[in-house]
Amino acid sequence: MLVRNATLADGRVRDVRIEGERIDAVGSGLDAVGEVIDARERLLLPGAIDVHVHFREPGAPHKETWRTGSRSAAAGGVTTVVDQPNTDPPTTTGAAYDQKELCARHSLVDYGINGGVTPDWDPETLFDRPIFALGEVFLADSTGEMGIDGDLFEDAVHRAAEAGVPVTVHAEDATLFDEGARDAAGQGTGKEANADAWSAYRDADAEIAAVERAVELGADAGARLHIAHTSTPEAVDIVADAPETVTCEVTPHHCLLSRDDLDDLGTFGRMNPPLRSEARREALYERVVGGRVDVIATDHAPHTRAEKEATLLEAPSGVPGVETMVPLLLAETLDGPLTVERVRDLTAATPAATFDLERKGRIEAGMDADLALYDLDRPRDIEGRRLHSKCGWTPFEGRPGVFPAWTLVRGERVYDGAMDTFDVDDGENVRG
Ligand SMILES: NC(=O)N[C@@H](CC(=O)O)C(=O)O
Ligand SMILES: [Zn+2]
Ligand SMILES: [Zn+2]
């Protein structure tokens with residue numbers, strides 16, 4: 001297949017030839033082999049790598065399955081996902097890893113599977129499997145109630161360092177949560193709830209302190225550390241000023257939404273870590289644009305509308321996001337300070353480099369043909385009902401997004417945007 005005259009993120013116009021699963025050549029005036037796709041005036045990006053999703057299988061297929069989650073990924077230009085361990089059973093033993101791997105075989109996109117830590121985890125059998133990373137390791141309870149104490153965290157970080165496996169951390173210090181602030185939640189449900197109480201309860205200082213502590217501990221253990229869903233500029237700065245063995249990710253929702261949006265979102269905006277003040281959101285986004293943040297990842301955490309239509313204390317935490325990440329960021333390049341090159345780096349090149357995915361994240365000869373084509377002149381309003389996650393809603397309703405015309409995973413067209421159709425489900429485990 002030949003993709004002809006595509007505009008790359010840096011503005012160069014090139015042909016990209018695909019042979020089987022790989023990119024065979026990138027150049028000008030390349031000879032065609034097989035199908036030729038005219039990509040003139042279209043943007044070709046490396047498929048995005050979302051290192052933080054919750055696809056809910058095994059255990060909660062009513063929220064999401066590997067099939068629906070990976071369709072949502074493909075329809076948003078994401079070609080590799082990394083699933084987190086707070087499923088049922090939690091992915092804390094070799095046997096649980098094997099069970100999840102069977103579910104993941106229904107994925108349309110390539111994937112990694114993380115291993116988790118609980119008091120009854122089995123590091124021996126878990127590290128025996130090709131886990132993508134240890135994590136997210138929960139330093140406070142979130143969906144799945146997998147929060148652990150400092151001693152177990154320290155032990156886990158040492159074991160991961162020994163095994164040469166990176167550690168992804170959900171860094172909030174539960175001892176610093178403001179229980180009194182949570183009491184202001186009230187009895188309103190769904191959009192009628194006082195959702196700001198969640199932000200007051202899981203205060204920014206709880207994240208900042210936990211990140212500081214985790215970074216120290218990681219350095220002592222000689223571990224590779226990745227801080228998940230960093231939601232404060234202070235925490236980003238701690239990571240950016242630490243040695244290169246520590247990286248961080250930021251979610252689209254912490255960049256684009258703040259406590260000011262909670263009146264509209266209600267319990268649909270409850271997530272961990274919570275939305276922050278508008279001032280913190282702005283400072284966080286500045287760091288994304290300016291290069292202090294390594295990776296954008298979604299923390300795609302689908303829950304049904306019915307589950308979210310509860311009181312603030314009863315609604316589960318988390319928002320979907322895998323399908324809207326690249327579309328939102330590309331729309332942001334149209335009139336904001338974000339550049340297309342930065343979007344490429346945040347969503348593809350840097351996650352690949354950070355987690356040693358040698359054949360992914362770049363459009364070069366020899367790399368996997370994981371690609372997505374976009375028309376920057378055609379943003380459209382994001383609508384929850386048109387997205388492909390099982391949950392059927394989005395916190396970004398009505399915002400502009402640039403969605404892909406098609407998405408390829410290792411040379412196979414898994415998503416066709418014009419027809420809104422999907423094909424094949426032979427995603428591979430990237431740690432195989
Ligand atoms: N972010 C969330 O609020 N929820 C996540 C878990 C997590 O990442 O903490 C979920 O699995 O629902
Ligand atoms: Zn988390
Ligand atoms: Zn998560």
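Treat the numbers as computed from the prediction; the structure is a model and nothing was measured. FYI, the numbering just counts along the sequence from 1. Read the numbers this way: they start at 1 and go in the same order the structure lists the ligands and their atoms.
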Trainee: Compute the minimum heavy-atom distance from His303 to ligand 1 and say whether it is under 4.0 Å.
Mentor: yes
Trainee: So, Arg287 side chain and Ala283 main chain: donor-acceptor pair closer than 3.5 Å or not?
Mentor: yes
Trainee: Checking contacts here: is it the side chain or the backbone of Val319 that comes within 4.0 Å of ligand 1, counting heavy atoms only? Could be both or neither.
Mentor: neither
Trainee: Would you call Lys360-Asp110 a salt bridge at under 4.0 Å N-O?
Mentor: yes
Trainee: Could you name the option among Glu136, His170, Arg202 that has the heavy atom nearest to atom 8 (O) of ligand 1?
Mentor: Glu136
Trainee: Specify the protein heavy atom at minimum distance from atom 3 (O) of ligand 1: its residue, its atom name, and the distance to 0.1 Å.
Mentor: Asn272 N, 2.8 Å
Trainee: Answer yes or no as to whether an N/O/S atom of Glu136 is found below 2.8 Å from the Zn ion (ligand 2).
Mentor: yes
Trainee: Quick one: does His52 get within less than 4.0 Å of ligand 1, heavy atoms only?
Mentor: yes
Trainee: Please say whether Met271 places an N or O atom under 3.5 Å from an N or O atom belonging to ligand 1.
Mentor: no
Trainee: For Tyr415, run the side chain to side chain donor-acceptor pair (under 3.5 Å) check against Asp423, Asp420, Thr79, Thr407 and tell me which one passes.
Mentor: Asp420
Trainee: Looking at Arg105, Arg71, Glu57, which hits side chain to side chain contact (heavy atoms under 4.5 Å, CB included) with Trp66?
Mentor: Glu57
Trainee: With a 4.0 Å cut-off on heavy atoms, is Arg56 touching ligand 1?
Mentor: yes
Trainee: Just to confirm my output: which protein heavy-atom neighbour is closest to atom 9 (O) of ligand 1, and how far is it?
Mentor: Ser142 OG, 2.6 Å
Trainee: Return the name of the atom in Asp299, of element N, O or S, nearest to the Zn ion (ligand 3).
Mentor: OD1
Trainee: Using a strict cut-off of less than 4.0 Å between a Lys/Arg side-chain nitrogen and an Asp/Glu carboxylate oxygen, indicate whether Asp155 and Arg159 qualify as a salt bridge.
Mentor: yes
Trainee: Could you tell me whether the Zn ion (ligand 3) has an N, O or S atom of His170 under 2.8 Å away?
Mentor: no
Trainee: For Val215, which of Val169, Val246, Asp220 qualifies under side chain to side chain contact (heavy atoms under 4.5 Å, CB included)?
Mentor: Val246
Trainee: Under 4.0 Å between a side-chain nitrogen and a carboxylate oxygen: does that hold for Asp368 and Arg22?
Mentor: yes
Trainee: Applying a 4.0 Å heavy-atom criterion (strictly less than), which segment of Ser317 is in contact with ligand 1: side chain, backbone, both, or neither?
Mentor: both
Trainee: Could you check whether the rings of His52 and His229 sit parallel, tilted or perpendicular, using 30° and 60° as the cut-offs?
Mentor: tilted
Trainee: Looking at His54, which atoms of ligand 1 are within less than 4.0 Å of one of its heavy atoms?
Mentor: 5 (C), 6 (C), 7 (C), 8 (O), 11 (O)
Trainee: With only distance considered, is Asp299 within less than 3.5 Å of ligand 1 through an N or O on each side?
Mentor: yes
Trainee: Below 4.0 angstrom from a heavy atom of Ala301, which ligand 1 atoms are there? Numbered from 1 as shown, please.
Mentor: 4 (N), 5 (C), 10 (C), 12 (O)
Trainee: Please name the residue in the list Arg270, Arg56, His54 that meets the side chain to side chain donor-acceptor pair (under 3.5 Å) test with His303.
Mentor: Arg56
Trainee: Nearest 10°: the angle subtended at the Zn ion (ligand 3) by His52 NE2 and His54 NE2?
Mentor: 110°
Trainee: Record the part of Gln84 in heavy-atom contact with ligand 1 below 4.0 Å; permitted values are side chain, backbone, both and neither.
Mentor: neither
Trainee: Would you indicate whether Arg386, at its atom CZ, is surrounded by more than 12 heavy atoms from other residues, nucleotides or ligands within a distance under 6.0 Å?
Mentor: no
Trainee: Give a yes or no on whether the ring-centroid distance for Phe55 and His300 is below 6.0 angstrom.
Mentor: yes
Trainee: Atoms of ligand 1 less than 4.0 Å from Phe138 heavy atoms?
Mentor: 7 (C), 9 (O)
